[in-house]
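Counting starts at 1 for both ligands and their atoms, following the listed order.
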Amino acid sequence: MKKHNFSAGPSILPQEVLKQAANAILNFNNLNLSLIEISHRSTDFVAVMDKARALVLELLELENKGYSVLFLQGGASLEFLMTPYNLMKQNGKAAYFDTGAWSGKALKEAKLLGDVNVVASSKDKNYNYIPKVYDIPSDVDYVHCTSNNTIYGTQFKSFPKTDALLVCDMSSDIFSRKLDFSQFDLIYAGAQKNMGPAGTTLVIVKDDILGKTGRQIPAMLDYQVHISKDSMFNTPPVFPIYVSMLTLQWLKDMGGIEAIEKKNIAKAKLLYNEIDNNPLFEGAAAKEDRSNMNVTFLLTNESKKERFDKMWKEAGISGINGHRSVGGYRASIYNAMPIESIQILVDIMHKL
Ligand SMILES: *Cc1c(COP(=O)(O)O)cnc(C)c1O
C-alpha cells in the first residue's frame, strides 16, 4: 500500500500524474520513444514546454500582463543569486525579510552583489512568526520575501506594499492559494514542493524590469538570455518540466487555485484543530502566521514520543519528523495530499 507521504520536499505528487509520467518514460505520445531520449527541440517536447508556460500564466491569472515564464535549473538556491544579478544596480541596495533559513540563504547571496538591508527579522523567536512592523527604505532596487517558510511553518498572509520591485520565493506554497500575483515583479519556486520533481525552477518575471542594472551578467544567470531562448538556452530538464506540466493540468482540471485553496484550508484546519485541542500537542508557529502547507508541532510530553512514533509508522505515515532546527514534527500537506491522509494522522494524535 502507498504510504501517506508528509515529506517537506521532494514531496507528494498526484497518483495519476505519477502514472502518466511513468508511461511517458516508456513511450511518450505513442512515438515509441521515451520522453527522456528525444530532442528537447522536437515538436512533441516544445509543445510540453509551451503548455507548461501557458498553464502557469492561466492558473496565476497573469496572462497578457507582461510576464515571462521560465523553467530553469539550479533550484530556488540559484535564484537567490540570479535575482540580485538581474535586479540589483551597480552599488545597489535591496531590502530582505529574514523569516527563516531560506530567506537567510537568499540574503547571503545578495550580499555578494550589493548592500542588503534586512528590514525585519523573526530570528529573535526562532522564526516562529512573520514580522509585521517594518520600514522599507525608498531607495532600494527591490524587496525580497519568502511567502512560506517551509522549515518553521509560517506564511505571509499579506505582502509588503512598496514602490520598489517585489520579489518572492514561493517554493513551498505556489499554486496553493489565491493571491493577486500581479503584485509581484518576480516570483520563483523550486518545483519539488508543490509542482513536480526536483530539477527545475519556475521563474515568473515581468519583462520590463530586466536589463536595467548596468551589470554584465553571465549568460546562464541572465533572465533575458533565457527568455529570448524560450528556456532552451541550454538543454532544459525535460522530465521535471513534463511532470510539472502534468501537475498543473491536474490542478486546472480540478478547478484551479480557487478549488485547491478550499481543500488546503480544510486540510490545515483539521490538523491545527487537533493540535490546539489536544493537550499533548502544541503548535510551533504563531497562530496568525501559521502555514497551510507545512504544519509544525511539538509534543508537550516527551514520554509519549516513542508511542506516537510507533503509531504513525504503523499507520503507513512517512516524512513527519520535524526539521532539526525546530524539532518535534512537521506535516507537509501540499496540494496533492488528500484530506484522508490527514484524518489518519489526526486520529492517531487523538488516540495517543
Ligand atoms: C526548498 C526551498 C528552497 C530551496 O530549494 P532548492 O530547489 O533545493 O534550491 C528555497 N526556498 C524555499 C522556501 C524552500 O522551501
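In this structure, F308 has its ring center closer than 6.0 angstrom to the ring center of Y329. Checked against a 6.0 Å centroid threshold, the rings of F181 and Y67 do not count as neighbours. When ring centroids are compared, F239 and F28 stay outside the 6.0 Å threshold. Between F97 and F156, the ring center distance clears the sub-6.0 Å criterion.
Using bins of under 30°, 30° to 60° and over 60° for the plane-to-plane angle, the ring pair Y188/H144 lands in the tilted bin.
If you look at ligand 1, the protein residues with a non-hydrogen atom under 4.0 Å away are G75, A76, S77, F80, W102, T146, N148, T150, D169, S171, S172, Q192, K193.
A cation-pi arrangement, defined by a distance under 6.0 Å to the six-membered ring centre and an angle within 45 degrees of its axis, is absent between K161 and F159.
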